[in-house]
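Data first, discussion second: the structure below is written as structure tokens.
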There are 2 protein chains.
Amino acid sequence: MPHTDYDCNLGCPIEATLEVIGGKWKSIILYHLMEETLRFNELRRVMPEITHRMLTKQLRELEQSQLVARKVFPEVPPKVEYSLTSYGQTLHPVLSALQIWGIEHLKTSSE
Amino acid sequence: MPHTDYDCNLGCPIEATLEVIGGKWKSIILYHLMEETLRFNELRRVMPEITHRMLTKQLRELEQSQLVARKVFPEVPPKVEYSLTSYGQTLHPVLSALQIWGIEHLKTSSE
DNA sequence: CTGGATCCAACGCGATACTG
DNA sequence: CAGTATCGCGTTGGATCCAG
């Protein structure tokens with residue numbers, strides 16, 4: 001890709017993306033939701049290190065970014081499903097790139 | 001891309017990548033160094049919003065990650081050039097993916 | 001089960017001043 | 001020009017408790 005004049009001063013695209021998927025948890029959440037719809041506690045199970053509070057918070061932000069959809073089932077006990085929106089799906093190439101490089105990086109740094 | 005068993009619990013590749021290029025500034029610095037070697041103050045000029053202190057700090061961390069090379073010219077006044085290492089170059093696809101999605105995202109969110 | 005609210009410690013980061 | 005050291009504020013985020 002050419003070094004365009006999106007010069008990262010005004011509305012830098014890279015920064016914009018990181019704004020949305022950056023942080024310690026968002027991309028991981030998105031990654032897990034890429035394949036399957038998950039409930040709140042299912043997400044906690046696949047991400048044992050995130051705290052209850054943070055998961056809630058991150059999910060709210062992903063909702064606001066239109067990347068994640070929240071579906072509430074009016075039941076007792078409550079049931080809430082989280083899934084990617086179609087817009088969220090467009091992040092697939094980005095997450096793939098991150099994952100691919102990460103795999104190589106982990107290999108390299110463990111040598 | 002298949003949903004492999006890099007399940008993001010133990011040594012998650014995505015997290016590993018973000019560990020290295022994440023944060024508000026690192027990817028931007030890498031982006032600018034992708035095309036050309038730059039001196040300290042040249043970097044500041046293309047990134048007007050970063051503070052002196054933060055630029056120094058981020059550059060040190062990128063050095064430690066082996067992504068950026070620091071070359072000091074023993075002159076007065078001092079001259080220091082920063083460039084990508086060959087390892088740093090391998091991030092090209094990742095940064096491209098971030099940039100491409102960001103461009104679309106900015107378009108979308110401004111509508 | 002899902003999730004909000006509060007308290008509080010830890011850290012990030014800017015501002016500033018100082019060096020070779 | 002390039003870089004370090006110190007201070008101090010603001011935000012982040014963990015622990016905990018409460019609620020539908």
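Keep in mind that this is a model prediction, so the values were computed, not measured. The sequence lines fix the lettering, A, B, ..., with proteins before strands; numbering per chain opens at 1.
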Is there a side-chain contact between [X] and the phosphate of [N], meaning an N or O under 4.0 Å from OP1 or OP2?
| X | N | value |
| --- | --- | --- |
| A/Tyr82 | C/dC1 | no |
| A/Lys57 | D/dG13 | yes |
| B/Arg39 | D/dG3 | no |
| B/Arg53 | C/dA15 | no |
| B/Thr51 | C/dG14 | yes |

Query raised in the report: Within the modelled atom types, does a donor on one side and an acceptor on the other bring the side chain of A/His52 and the base of D/dG14 under 3.5 Å apart?
Result: no
Query raised in the report: Under 3.5 Å, is there an N or O donor on one side and an acceptor on the other linking the side chain of A/Arg44 and the base of C/dT2?
Result: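 No, no donor-acceptor pair under 3.5 Å.
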Query raised in the report: Is B/Glu42 salt-bridged to B/Arg45, going by a charged N under 4.0 Å from an acidic O?
Result: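 No, this pair does not count.
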Atom-to-atom span, [atom1] of [X] to [atom2] of [N] - whole angstrom:
| X | N | atom1 | atom2 | result |
| --- | --- | --- | --- | --- |
| A/Lys71 | C/dT2 | NZ | P | 15 Å |
| A/Glu49 | D/dG13 | CD | C1' | 15 Å |
| B/Arg60 | D/dA5 | CZ | C1' | 14 Å |
| B/Ile50 | D/dA2 | CD1 | C1' | 15 Å |
| B/Leu55 | C/dC13 | CG | C1' | 14 Å |
| B/Asn41 | D/dG3 | CG | C1' | 11 Å |
| A/Glu75 | C/dT2 | CD | P | 11 Å |
| A/Lys24 | D/dG13 | NZ | P | 10 Å |

**Report entry** A/Val76 reachable from A/Val80 in the ILVMFWY side-chain graph, under 4.5 Å edges
**Finding:**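 The answer is no; the residues belong to distinct hydrophobic clusters.
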Query - Flag if over 12 foreign heavy atoms under 6.0 Å of CD, B/Glu19 - result: no
**Report entry** Residue A/Glu81 excluded, over 12 heavy atoms near CD under 6.0 Å
**Finding:**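 Enclosed: over 12 neighbouring heavy atoms sit under 6.0 Å from CD of A/Glu81.
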Query - Shortest side-chain distance from B/Pro77, nucleotide among D/dC1, C/dG3, D/dG3 - result: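 That would be D/dC1.
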**Report entry** Among C/dC1, C/dG4, D/dA2, the one nearest B/Pro78 by side-chain distance
**Finding:**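 That would be D/dA2.
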Query raised in the report: Under 30°, 30 to 60°, or over 60°: which ring-plane class applies to A/Phe40 and A/Tyr82, parallel, tilted or perpendicular?
Result: tilted
Report task. Select from A/Met54 and B/Thr56 the residue whose nearest nucleotide in DNA chain D is closer to the 5' end of that strand. Result -> B/Thr56
Query - Whichever of B/Gln58 and A/Phe40 has its nearest DNA chain C nucleotide further upstream toward 5' - result: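 Whichever sits nearer the 5' end wins; that is A/Phe40.
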